[in-house]
Amino acid sequence: MREFFIQTVTGTQAGKPRRLKSTLGELAITAKQAAKLAVLPYRQLSPH
């Protein structure tokens with residue numbers, strides 16, 4: 001379910017798979033989604 005929201009916001013599903021730690025738990029996203037969300041490598045995502 002959480003991945004659906006990331007896909008909706010970024011508009012993509014393509015790219016190399018990545019694991020992203022957030023305050024909501026670990027998320028499975030792609031490298032292109034991380035780039036669109038401006039998440040740097042080895043960083044965490046916080047919705048706050």
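Quick note: numbers below take in every heavy atom, side chains included, and nothing from hydrogens, waters or symmetry partners. When a residue number appears, it is its place in the shown sequence, counting from 1.
Salt bridge annotation for Lys21-Glu26: absent, with no cationic side-chain nitrogen under 4.0 angstrom from a carboxylate oxygen.
Closest non-hydrogen pair, Lys32 versus Gly15, comes out as CG-CA, 4.3 Å. Scanning both residues, Ile29 and Ala34, for their nearest heavy atoms gives CD1-CB, 3.7 Å.
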Applying side chain to side chain contact (heavy atoms under 4.5 Å, CB included) to Val39 and Arg18, what does each step give before you reach the verdict? CA-CA 11 Å; Val39 178; Arg18 281 186 60 182; 4.3 Å; yes

